[in-house]
Amino acid sequence: MKYIPTVGLEIHSQLATKTKIFCGCPTAFGGESNTHGCPVCLGMPGVLPVLNKHAVELAMRMALLTNGEIQKRSYFARKNYFYPDLPKGYQISMFEFPLIKGGYIDLKTENGPKRIRFNRIHMEEDAGKLIHVEGDIESYFDVNRCGVPLIETVTEPDFGTLEQVSLFLNQLKELLIFSGASLGNMEQGNIRVDANISIRPQGQKELNTRTEIKNMNSFVNALAAIEHEIARQTDIVEQGKKVIQETLLYDPVHGIIAPMRSKEEAHDYRYFPEPDLVPVFVDDEWIDRIRSELPEMRNEKRNRFIQEHGLPEYDAEILTTSPDIAKYYELVIGEGADPKKASNWVMGEVLRILNETRITIDEFKVKPSMLAELLIMIDNGSISGSMAKTVFDEMASNGRHPKIIVAEKGLTQISDKGELKKVIREVIESNPNEVEKYKSGKTNLIAFFVGQVMKMTRGKANPQEVNVILREMLS
Ligand code: ZN
Ligand code: MN
C-alpha cells in the first residue's frame with residue numbers, strides 16, 4: 001500500500017430510556033407521526049427542559065465499560081443551526097464540558113491487539129425527521145424523534161484498516177446492547193456512524209486533509225463508504241490534486257459519495273451554555289451504584305453458560321449473541337428442561353423461526369415455559385422427537401400449549417408396555433415367514449418388524465420400547 005488511511009469515528013447511539021431526554025414524551029419506535037410530541041420537544045417559548053436521570057445513568061454505564069472518565073461536573077450547551085427538522089433552532093448537546101472524557105476499546109485484530117482511544121462521550125438530543133415524498137412539492141415533518149436521548153462517542157483517529165473499524169463497531173454495539181444502554185437496533189436508527197477519513201503517503205507522520213462522511217445507518221454501509229472514500233482520495237492524490245475538506249454523504253444504493261448540499265453544512269454553531277439546564281453533578285457514590293448495577297456482559301455470560309450449564313463453547317457463543325436469546329434460554333432450563341437439549345432446540349428450531357419470520361424473541365409465540373414443557377414430554381417418552389418438531393411448528397404459528405396440540409392431534413406416543421405388546425404380537429402372528437427367517441439368523445429383519453409396528457400405530461409407538469419388546473418376544 002502506497003498510502004496509509006486514517007479514520008476516526010463518531011457514533012450516535014440512542015439510549016434505551018422510555019421517555020425523551022428533556023420531557024416525558026415516549027421514545028417508542030413506530031408511533032404514528034407527530035404523536036410523541038409536546039411543547040418541550042417542540043421548543044415552544046417559555047417551556048423548560050428537565051434532564052432524564054436514567055439517560056445519564058445509561059451513559060455512565062458506557063463510560064464504566066470503556067474506562068472513560070465520568071466528569072464530576074458537566075454542562076449542556078446549545079448548538080445553534082437552522083434546519084426544518086429542528087423546531088427549536090438549536091440542538092441541546094454538550095460541547096466544552098462533556099459528561100465523559102477519554103476511554104478506549106481494545107481490539108483483537110488479525111495482526112495483534114489494537115487500542116482505539118475515545119476522545120469523549122457526550123449526551124445530546126436527536127432532531128426530528130423530515131419526510132420527502134418523491135414528486136411531492138411539499139415535505140413533511142415528524143416530531144417523534146425530537147429529543148430522543150443520544151450519546152455521541154467520538155474516537156481519536158486511531159483506525160488504520162477496515163478490519164479495525166468493523167471489529168470496533170461490533171464490539172461497541174455489543175457493549176451498548178449488553179449494558180442495556182441502547183437497544184442497538186440498527187433498522188430503527190439506534191446507531192448511526194459518521195467517519196473522518198484521510199490518507200497519507202507511507203513514511204509521512206502528519207495527517208493530511210480529511211473529509212467527513214455523515215449518517216451511515218448500517219455497519220455494512222459504513223465500511224463500504226469508508227472503502228470508497230479511501231479509493232476516491234487515493235485517485236485525487238495520484239492525479240496530483242489535493243483533497244478538500246468537506247462533508248459527504250454516501251448513497252448505498254448507487255455506491256456513490258457526494259458532497260452534502262452546502263445548506264446542510266453549518267460550521268459555526270455558535271455554541272453557548274444551555275441557560276435552561278443546571279450542570280450535571282456526579283459524585284463517587286452515584287458512580288459506584290451504577291457500577292454495582294452493571295448487567296452481566298457477554299464474556300461473563302458465555303463463561304457462566306459453559307460452567308453452570310455445562311454447555312460446549314460453541315453453544316455458549318451462539319446463545320449469548322444477544323441478551324434476549326440468553327435470557328430466553330435460561331428461562332427454558334429454569335422450567336426444568338435439560339440444559340444441552342434446550343440449547344439444541346434454541347440454537348436450532350427457535351433461531352430458525354426467528355430468522356425465517358424476522359420477529360424478535362419477545363414476539364415469538366413459543367414462551368420459554370411452553371418449550372420446556374415440550375422438551376420434558378420428549379424426555380419422558382410421551383412424544384417422539386419428530387412429533388415434537390411438528391408440535392413446535394404449530395406452537396410457533398398459533399401460540400398454543402404443546403399438551404393441547406398433542407391431545408388434539410392424537411400425537412401422544414405409545415410407551416405403555418401392555419399396549420405395545422398387543423400390537424407386536426399381532427405383527428408377529430401375521431408375518432410367520434419373516435419370523436422364521438429372523439430366528440434362522442437374519443436378525444436385521446428387526447427393522448421390518450419395527451416398521452410394521454410403526455405402521456399399525458401410525459407412528460405413535462415409542463421406537464426404543466418397540467425394539468426392546470420385539471427382541472424379547474422374538475427370542
Ligand atoms: Zn416532549
Ligand atoms: Mn451529534
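All heavy atoms count here, side chains included; hydrogens, waters and symmetry mates do not. Counting from 1, the numbers follow the sequence of the chain as shown. Just so you know, ligand 1 is whichever comes first in the structure, and atom 1 is the first atom listed for that ligand. Since the structure is predicted, the reported quantities are computational estimates derived from the model, not experimental observations.
- For a distance bound of 2.8 Å, the N, O or S atoms of Cys146 include none lying that close to the Zn ion (ligand 1).
- Taking the Mn ion (ligand 2) as reference, His12 places its N/O/S atom NE2 nearest.
- Taking a cutoff of 4.0 Å between a charged side-chain nitrogen and a carboxylate oxygen, Lys340 and Asp315 qualify as a salt bridge.
- The Zn ion (ligand 1) is the vertex of the angle joining SG of Cys38 and SG of Cys25, which measures 100° to the nearest 10°.
- Vertex the Zn ion (ligand 1), arms ending at SG of Cys23 and SG of Cys41: the angle is 110° after rounding to 10 degrees.
- Between the Mn ion (ligand 2) and the N, O or S atoms of Glu124, the shortest distance is to OE2.
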- Query: Please walk me through it: do Arg352 and Glu356 pass salt bridge (Lys or Arg N to Asp or Glu O under 4.0 Å)?
  - Reply: CA-CA 6 Å; Arg352 174 181 63 82; Glu356 279 172 11; 3.4 Å; yes
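- A salt bridge links Arg298 with Glu317: the closest approach of a Lys/Arg side-chain nitrogen to an acidic carboxylate oxygen falls below 4.0 angstrom.
- Looking only at N/O/S atoms, Glu152 comes nearest to the Mn ion (ligand 2) through OE1.
- Ionic pairing of Lys88 and Glu125 is present here: one or more N-O contacts between side-chain nitrogen and carboxylate oxygen are shorter than 4.0 angstrom.
- Checked for salt-bridge contact, Glu330 and Lys327 miss the test: no charged N lies under 4.0 Å from a carboxylate O.
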